[in-house]
Amino acid sequence: MNARIPEMRSTEELREKWMKPEVITGSDILLRSLVLEGVDCVFGYPGGAVLYIYDALYGFNDFHHLLTRHEQGAIHAADGYARASGKVGVCIATSGPGATNLVTGIATAYMDSVPLVVITGNVATTLIGTDAFQEADITGITMPITKHSYLVRDVNDLPRVIHEAFHIANTGRKGPVLIDIPKDVSAAKTLFNPSESLNLRGYNPTVQPNRLQLDKLQAAIREAERPVILAGGGVIYSGGHEALYEFVTSSGIPITTTLLGLGAFPSGHELWMGMPGMHGTFTANHGIQEADLLINIGARFDDRVTGALGGFAPKAKIVHIDIDPAEIGKNVPADIPIVGDAKTVLELLNQTPVYAEKADAWRQTIQARKQEKPLKYIDSDTELKPQWVIEHLNETTHGQAIVTTDVGQHQMWAAQYYKFNQPRSWITSGGLGTMGFGFPSAIGAQMAHPERLVISINGDGGMQMCSQELAICAINKIPVKIVVINNQVLGMVRQWQELIYENRYSHIDLAGSPDFVKLAEAYGVKGLRATNKEEAKNIWQEALETPGPVLVEFVVRKGENVYPMVTQGSTIDQMLMGDSE
Amino acid sequence: MTKSHTIAVLVNDQPGVLQRVSGLFGRRGFNIESITVGQSEEEGLSRMVIVTHGDDKTLEQIEKQLYKLIDVIKVINLSSKPMVARELALIKVKSEPSDRPEIMGLVETFRAAVVDIGTHSLMVQVVGDTEKIDAMIELLTPYGIRELSRTGVTAMIRGNA
Ligand SMILES: Cc1ncc(C[n+]2csc(CCOP(=O)(O)OP(=O)(O)O)c2C)c(N)n1
């Protein structure tokens, strides 16, 4: 399974090598600073404004640089790297079109709180503001989608800026930070004297929660008859999954994990109710709606989770735990607001465990519902069903792979039918819902974990949004297993058109798509196709046994829908159960 | 219930910080009635005074969202405390020499000042709270206002706070 990714030297050795004070260029400062921040992999694409940086990269071997085929590929790969590793993802692009090609990826990371440091070149400081060739005000363009940004006008600021950027990206509520470096700044020389101090007045994320609020929460647990935990991506980002496990099992409170929270809690556990929201399970959605205590840990009450806000969790006392104070009360008013790091909060709660003793009947109800209303689909022996394909991937990999997805029906089926038991094994664009994310993010995830099996699940639509990155897999022997669930249409759009727009199928037919097997082969990647179960089992086995990247196409039934579904404007217990009814 | 709120925001004096703050208001659908920026008592920090309209929940979100900006050091809700709020307006009003004494009379009652006199106009400078400036403008309107420029509110908490 191993990627052929050469070993890097230890950080200690590298520090020794690069910590010496020396007069060097801004470009060299950048590279050394990245090494000192612990970066081992950078994704990028050169151009005029970053040529000094790329010149400095010539022969520089202290981190990997992967040349993607599109800047969008680079930033999604950096994002996948960050989500899989917990480290900061880094990407480099040139000014103007290079920088604007990053916008979708920056917004994707921002919405899902993924730590990135995004480095763009810009025209020389003397040309800024003149509409110079390939000039774009990228700090201005990305202001609403970055946690913070810098336009570096003086090479002397560069070491501080880079150090701050990494700190900001990966602390508090994480997010992308942009560093825009004009060409003359990357060329200018100065004494590089790496400093490790930080002076960010006004930036002090609250990690430690208020003790009194924790006491209130524990009292509420003691009283609750129908408590529910709603856990989100924040648990994973804080590294709080073990503390969560302890909290759930010691309190005996049923738990649902959001799309981004999948993997924060083992899906096989009897207290796990599945995913909530638009395509959530019957048990999770009804659980929330009937709960008398809803404990939200690191989720942001996204509208895809809450459905109609007016009728969301109407009976529940709401507890909201979040590192970002602005999340608390933003969508759903909290009765017990707790600002703090999810892991820290959970560990404090675990010091004095409280069992929800009045909730025995509730636990039984949840168990019974899980039996009565599991996720279901009608299988077929003549056609491949996409749900079956995902179940097959799950069974053959024992839920141990890192799975990245694109956006659409396949994403929801993957969320429903792949069973996650570890954090950072599920990588998907939740907040922005970015098509084109699935495949390049898998490249990043594989770079972070060369030893693990990485499966990228895509639709036939989204696969065509970043398929050029097949080249990267081929060249670097990155052994991602690229799955294309081909239903010949923009499936999720088709589903909405069927259910909400009265079967008016407007512009969803993907006729004219490439032969995906040949597409893969054109890049030197093995391609395999299946149209029935027998073939599907065989090609998947072959893919798993083949070292290096493989694209596997499953031609599935067109017209299959994702159920359950909550249509917009409904409360989450008003679910269309579809085939599973 | 929506009402007017005045908030002071202490920010790092960085390029783009005004854009970050005003952009945040626009993006999140918060209203800006007026915004003023200038030096603060400390070098490297500027103080913005923003007058906004909304209910208490919106105000809470505004404060929290502002704190998310890395360059924001401190947010103070001035209107929750006794405060002094002032704005300045320059008003160029039509005036034939025959109208002058009348206008001068108004200006004097308002403790405003005439800061320029043209052959057919006067420029009036008035400082005070928003209501006072509104009233001055209302009184000068019948003469014909040719140009008007208001600074927006700047404010501080009273006393030693
Ligand atoms: C960049 C982008 N453009 C458009 C959309 C809207 N959209 C959401 S799902 C979807 C259909 C995806 O089709 P496909 O990739 O074939 O996957 P399927 O739903 O069939 O599994 C579209 C167009 C989006 N999410 N992202």
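Lettering follows sequence order; numbering is per chain, from 1.
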Is atom [atom1] of [X] surrounded by more than 12 heavy atoms (other residues, nucleotides or ligands) closer than 6.0 Å?
X         : atom1 : value
Glu96(B)  : CD    : yes
Lys317(A) : NZ    : no
Met156(B) : CE    : no
Glu43(B)  : CD    : no
Glu108(B) : CD    : no
Glu33(B)  : CD    : yes
Lys132(B) : NZ    : yes

Item to check | Partner chain A: residue of Lys74(B), Gln19(B), Glu63(B) with the largest heavy-atom pair count (under 4.5 Å) | outcome: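 Of the candidates given, the most pairs with chain A belong to Gln19(B).
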Checklist entry - Roughly how far, to the nearest 0.5 Å, is the OH atom of Tyr67(B) from the OG1 atom of Thr206(A)? => result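 The OH atom of Tyr67(B) is 10.5 Å from OG1 of Thr206(A), to the nearest 0.5 Å.
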Item to check | Value rounded to 0.5 Å, distance of CD1 in Ile168(A) from CD1 in Ile70(B) | outcome: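 Going from the CD1 atom of Ile168(A) to the CD1 atom of Ile70(B) covers 4.0 Å.
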So which of [options] has the biggest tally of heavy-atom pairs under 4.5 Å with chain B?
options                                    : answer
Gly329(A), Pro205(A), Pro144(A), Gly172(A) : Pro144(A)
Pro325(A), Pro333(A), Ala326(A)            : Ala326(A)
Glu327(A), Glu164(A), Met143(A)            : Met143(A)

Item to check | Contacting moiety of Asn204(A), where chain B heavy atoms sit under 4.5 Å | outcome: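 No part of it gets close to chain B.
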Checklist entry - Checking heavy atoms, do the side chain of Ile328(A), its backbone, both or neither come under 4.5 Å from chain B? => result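 Both parts, backbone and side chain.
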Next on the checklist: Are the side chains of Arg20(B) and Ser149(A) in contact, using a 4.5 Å heavy-atom criterion?
Outcome noted: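 Yes. Closest side-chain heavy atoms under 4.5 Å.
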Item to check | Arg27(B) portion near chain A, given a 4.5 angstrom heavy-atom threshold | outcome: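 Just the side chain, heavy atoms under 4.5 Å.
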Next on the checklist: At a 4.5 Å cut-off on heavy atoms, which part of Leu66(B) comes close to chain A: side chain, backbone, both, or neither?
Outcome noted: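 When you check distances to chain A, no heavy atom of Leu66(B) falls under 4.5 Å.
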Checklist entry - Lys330(A) pairs by side chain to side chain contact (heavy atoms under 4.5 Å, CB included) with which of Lys57(B), Lys64(B), Glu60(B), Gln65(B)? => result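 Of the listed residues Lys57(B), Lys64(B), Glu60(B), Gln65(B), the side chain to side chain contact (heavy atoms under 4.5 Å, CB included) partner of Lys330(A) is Gln65(B).
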Checklist entry - For His148(A) and Leu69(B), what are the C-alpha separation, side-chain angles and deciding distance, and is it a side-chain contact (heavy atoms from CB on, under 4.5 Å)? => result CA-CA 7 Å; His148(A) 193 50; Leu69(B) 299 179; over 6 Å; no
Next on the checklist: What verdict does the side-chain contact (heavy atoms from CB on, under 4.5 Å) test give for Lys68(B) and Lys147(A), after you've listed the backbone C-alpha separation in whole Å, the side-chain angles of each residue and the deciding distance to 0.1 Å?
Outcome noted: CA-CA 8 Å; Lys68(B) 287 178 71 166; Lys147(A) 184 172 174 186; over 6 Å; no
